[in-house]
Structures are given as C-alpha cells and as structure tokens.
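Everything below concerns the one structure shown next.
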Number of protein chains: 2
Amino acid sequence: MTDVKQQAEAVADVRRDQMLAAAARLIAERGFSDTRIADVAARVGASPALVIYYFGTKDSLLTEALRWSERSFYAAVEEMLQETTALRARIENLVDACLPASQDVPDDWGLWFDLWAQAFRHPEVKKDRAQLDDQWRALIARVVEAGEAAGEIEAPDVEGFTVMWAALLDGLVVQVALDDPVVDRGMAKRVALAVAVKELGLS
Amino acid sequence: MTDVKQQAEAVADVRRDQMLAAAARLIAERGFSDTRIADVAARVGASPALVIYYFGTKDSLLTEALRWSERSFYAAVEEMLQETTALRARIENLVDACLPASQDVPDDWGLWFDLWAQAFRHPEVKKDRAQLDDQWRALIARVVEAGEAAGEIEAPDVEGFTVMWAALLDGLVVQVALDDPVVDRGMAKRVALAVAVKELGLS
DNA sequence: GCCCATAGACTGAACAGTCAGTCAGGACCA
DNA sequence: TGGTCCTGACTGACTGTTCAGTCTATGGGC
C-alpha cells in the first residue's frame with residue numbers, strides 16, 4: 001500500500017467518520033426515522049449524493065451510525081475505567097457512565113431507544129448489540145473480579161450479579177431518560193449503587 | 001344523550017377500538033414509522049380515508065395506539081393479580097406478565113421500544129408513560145404491602161424495592177426481547193425472582 | 001519537466017415511488 | 001331532510017437514489 005493510497009483512504013475514512021458522527025447526533029436528536037440523508041449531508045457540508053456514495057443506502061448509514069455510537073460509548077467507559085482501581089470508585093464510575101451529570105449530553109439517550117427498536121427487527125443490529133452487551137457485562141465482571149482479587153469483597157456470584165446489575169442499569173436509564181418524576185437521576189444513582197453494595201457485600 | 005346518539009357512538013367506539021388494536025399490532029410487528037394508515041385500514045377492512053376520518057392524523061392514531069396498548073397491558077396485569085393472594089405467587093405472576101411463556105406474543109415487546117422512543121421526544125407521550133409507570137410501581141407496592149400485612153414478610157423498604165425492581169424488570173425485558181444469548185427468558189425470570197426474594201426477605 | 005490517462009471525490013438536477021391527507025359525493029338511518 | 005359513516009380517486013409534498021459529468025491530483029511514459 002502506497003502513501004498515496006493511504007492518504008486517499010485517510011480522506012475517505014475521515015469523511016465516513018464525520019458522516020457517522022453527524023448521523024448519530026441527528027438520530028439522537030430527531031429519531032432514527034426522522035433523520036434524512038439531506039440533514040446528514042448538510043451537517044458535514046456535502047451533497048446528499050456523497051452520502052450515498054459512501055454508504056450506498058440510507059439504512060446502511062443509519063445502522064452503521066448506531067453501531068458506531070454504541071462502540072464509542074463502550075470504548076469511552078473502558079478508558080474511564082483505567083483511571084481508578086478501588087472497587088467502589090469503579091462501580092461509581094460505571095454508574096456515572098450510564099447516568100451522566102445533569103445537562104451533559106441529554107439527548108444521547110435517545111439513541112438507545114432507537115438502537116433497541118432497530119435491533120428488535122433487524123438481525124444484524126441485534127447480533128451486534130448482543131455482542132456489545134456481552135462486552136459490557138464482561139467489563140462489569142472484570143471489575144468485580146478485580147475487587148475480589150484485591151480482597152475488597154469475598155466470593156461474589158459474578159455471573160448472577162453481572163446480569164442482574166447490567167439489566168438494572170438499563171432499566172434505570174430508561175426511567176431517567178424519560179424524565180420519570182419519581183426516578184430522577186439522583187435516585188437512580190442511589191439505587192444502582194445501593195444494590196451493588198448490598199449484592200457484592202461491599203463495606 | 002339519546003339512545004340514537006349512544007348507539008351511534010357505540011359503532012364509532014367499536015371502530016376506533018378495532019383501529020387502535022390493529023395499529024398497535026402493526027406497530028409491534030413493523031415498527032412505529034413503518035406503519036402506514038393504509039395497513040391499518042386494510043386490517044379493519046376499511047378505507048384509509050376512514051381512518052383519517054376517525055383520528056384526523058396518522059400521528060394521532062399511532063400515539064393513541066401506543067397509549068391504548070400500554071393501558072391494556074396494565075389492565076390485564078391488574079386482573080391477573082386478582083387470581084392469587086400469596087405474595088410469592090403474585091410476584092411470580094408479575095414476572096410472568098413481563099416475560100410471558102415462549103412463543104406467546106413474541107413481537108408485543110417491540111411496542112415498548114417504540115413507546116420509549118416516542119416518549120423520549122414527545123412530551124404528551126412522555127407524560128402518559130410516566131403516569132402509567134407510576135401506576136405500575138403502585139401496583140407492585142400494593143402487592144408488597146399486602147404481603148407485609150399478611151405477615152409473609154417484615155418491614156420491607158417498599159419504595160426502594162419498587163423503584164429498583166420495576167427498573168430491573170424493564171432491563172431484563174430488553175435483554176430477552178432482543179434475544180440476548182446469555183440472558184434468555186429462563187435466566188431473566190430466575191434473576192427477577194431471586195432479587196425479589198432476597199430484597200423482600202421472603203422464605 | 002511536460003502531458004495524458006486514470007481514479008477517486010464530489011455535485012446538480014432529475015427521477016420515481018410512496019403516502020398522508022383532501023374532497024366531492026354516496027349510502028344508510030332516523 | 002339532515003347527520004353519521006364511509007369511499008374512490010386524486011394530489012401534493014417529500015425524499016431516497018440515480019446519473020452524467022466536473023474537478024483534482026497522482027503517477028507513469030516520454
């Protein structure tokens with residue numbers, strides 16, 4: 001592969017990334033089916049035809065954007081996790097990742113709903129989501145096991161806890177994202193933390 | 001209000017209900033934005049114009065269908081609950097209501113995702129959903145309190161449990177609905193039940 | 001160093017299909 | 001006769017996708 005080719009691919013890759021990012025943003029803001037390729041094109045300063053040139057079809061662009069966005073989220077969490085070692089701090093970090101501080105990226109949550117709706121009906125998206133969710137649970141499991149290895153907790157039921165707690169976080173995110181008047185951000189965090197502490201036998 | 005008027009309304013109400021049911025079914029099968037008024041009309045053996053005649057706009061029909069469907073679900077659960085009195089049996093009933101046996105209405109779940117996605121962006125739907133979710137939690141709370149009154153459990157943290165367990169069920173439903181290879185129906189039920197038993201201090 | 005062929009990036013304009021919603025009027029009933 | 005229920009035919013707007021062709025630059029042949 002020559003330098004030229006590399007550079008050409010770099011341009012294309014940059015463009016693709018811009019478009020995926022723009023599409024993800026728009027999906028979050030307006031919803032999957034209300035996102036037009038013209039909107040995406042406008043955001044990256046290109047013509048609609050160029051978007052098709054890169055992605056072939058609208059659907060391909062949007063589903064790729066969903067997966068791209070989900071992958072970004074997990075990557076960010078993974079990185080965030082490097083910064084702490086204490087079990088409790090890490091658990092708190094995970095909670096914060098799912099339920100970020102107030103006005104911080106409020107409509108990113110909309111993406112999850114669209115992702116789920118798409119995954120429900122499209123096997124490819126479904127497969128991808130399942131795989132990423134598995135990674136997510138594996139990450140939680142690693143955190144717990146590290147805590148055990150460090151002697152912070154004893155003999156946890158890693159798999160049981162992982163499945164339960166991951167589901168709990170999802171459910172809490174739903175409530176908070178939908179502005180449930182009872183389950184606000186603060187309560188959701190408290191609940192998630194309390195359950196983790198209790199189930200893991202943390203001090 | 002005359003008999004005539006009453007009868008006329010009865011006809012209209014029947015039609016409306018047929019249309020709402022058909023719309024709900026279609027949304028579950030194909031998704032909110034892929035549901036056409038022509039499809040709904042075809043299912044009830046009417047013309048698209050008649051659907052508009054009753055609901056004015058497509059959006060009005062579909063969002064009403066979502067709310068109608070959610071209301072039906074809670075009503076069904078409420079009724080199902082009358083049939084048992086023992087706390088554990090009731091808890092199991094609640095779990096079964098959310099995670100019904102195998103092939104039983106497999107695509108009804110799709111509705112939840114669309115409902116959430118709509119609620120996220122449309123205040124009216126959001127308000128409705130929050131209210132119904134509050135009812136749902138109140139129902140769980142009633143079950144727990146009845147169990148306490150009957151001496152089956154002691155001094156439960158009703159609100160804490162309610163919020164936590166409702167969220168947990170939501171999260172588990174997501175996994176199961178999306179065919180997660182790790183979290184299948186059986187595991188989801190076990191997890192939901194185990195958490196309830198442990199948190200409530202059931203035998 | 002010049003020229004030309006080739007490929008990739010990109011666009012404007014047009015096309016084609018889809019659908020929500022309109023409208024004028026028909027049928028039935030009290 | 002008037003009101004409710006209902007329809008077929010139509011339309012107007014939207015928008016994904018195609019296409020023919022432009023522009024740029026790279027790289028090889030001379």
Side-chain angles (χ1 to χ4, degrees), chain A residues 1-27 29-66 114 118 121-122 125, chain B residues 1-27 29-66 114 118 121-122 125:
Chain A
M1 196 183 288
T2 66
D3 279 358
V4 180
K5 188 116 192 196
Q6 277 184 358
Q7 197 163 352
E9 279 196 348
V11 172
D13 283 352
V14 168
R15 268 308 209 202
R16 279 182 67 90
D17 251 44
Q18 288 177 342
M19 288 177 186
L20 289 173
R25 254 246 112 68
L26 281 162
I27 295 173
E29 288 171 15
R30 309 184 189 182
F32 192 89
S33 59
D34 287 334
T35 300
R36 320 267 159 241
I37 56 175
D39 302 332
V40 177
R43 285 247 173 143
V44 299
S47 67
L50 189 64
V51 178
I52 295 292
Y53 172 75
Y54 275 112
F55 293 92
T57 72
K58 175 197 178 184
D59 213 67
S60 164
L61 162 67
L62 293 190
T63 53
E64 266 199 59
L66 282 181
D114 280 308
Q118 290 301 313
R121 280 174 266 267
H122 302 294
V125 183
Chain B
M1 194 182 289
T2 67
D3 279 356
V4 181
K5 188 117 193 199
Q6 277 184 0
Q7 196 164 351
E9 277 196 351
V11 172
D13 282 353
V14 168
R15 269 305 209 203
R16 279 181 66 90
D17 250 42
Q18 287 177 342
M19 288 176 186
L20 289 172
R25 253 247 111 68
L26 280 162
I27 294 173
E29 288 171 16
R30 309 186 188 181
F32 191 89
S33 60
D34 286 335
T35 299
R36 320 270 160 238
I37 56 175
D39 302 331
V40 176
R43 286 247 173 142
V44 300
S47 68
L50 189 64
V51 178
I52 295 294
Y53 172 76
Y54 276 111
F55 293 92
T57 74
K58 176 198 177 183
D59 213 65
S60 164
L61 163 67
L62 293 190
T63 54
E64 266 198 60
L66 282 180
D114 280 309
Q118 290 302 313
R121 280 175 264 267
H122 302 294
V125 183

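Note that the coordinates shown come from a computational prediction; the quantities given were computed from them, not determined experimentally. By convention in this document, chain letters (A, B, ...) are assigned in the order of the sequence lines, proteins followed by strands, and residues within each chain are numbered from 1.
- Taking CD from B:Q118 and OG from B:S33, the interatomic distance works out to 8.5 Å, rounded to the nearest 0.5 Å.
- Across every non-hydrogen atom of A:A46 and A:L50, the tightest pair is CB-CD2, 3.7 Å.
- Between A:I37 and A:F55 there is no side-chain heavy-atom pair separated by less than 4.5 Å.
- Between A:D34 atom CG and C:dC19 atom P the separation is 15 Å, expressed in whole Å.
- Listed pair A:Y53 / C:dC10 fails the phosphate criterion, with no side-chain N or O lying under 4.0 Å from OP1 or OP2.
- Contacts of B:F55 with the nucleic acid, taken as non-hydrogen atoms under 4.0 Å apart, are absent.
- A:D114 approaches A:G31 most closely through the heavy-atom pair OD2-CA, 3.5 Å.
- In this structure, CG of B:D39 is placed 12 Å from C1' of C:dT18, rounded to the nearest angstrom.
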*For every nucleotide of nucleotides 12-19 of chain D, 5' to 3': is a protein heavy atom under 4.0 Å from its base (B), only from its sugar-phosphate (S), or from neither (-)?*
---SSBB-

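- Salt-bridge formation is not detected for the pair B:D34/A:R121: no Lys NZ or Arg NE/NH1/NH2 atom is positioned less than 4.0 Å from an Asp or Glu carboxylate oxygen.
- The phosphate of C:dC10 (OP1 or OP2) has a side-chain N or O of A:R15 nearer than 4.0 angstrom.
- Atom CG in B:L62 sits about 13 Å away from atom C1' in C:dC19, given to the nearest Å.
- The side-chain contact (heavy atoms from CB on, under 4.5 Å) check on B:A23 picks up B:V40, B:L61, B:L62, B:A65, with sequence neighbours excluded.
- Of the candidate nucleotides C:dG8, C:dT11, D:dC5, D:dC5 has the atom nearest to the side chain of B:L50.
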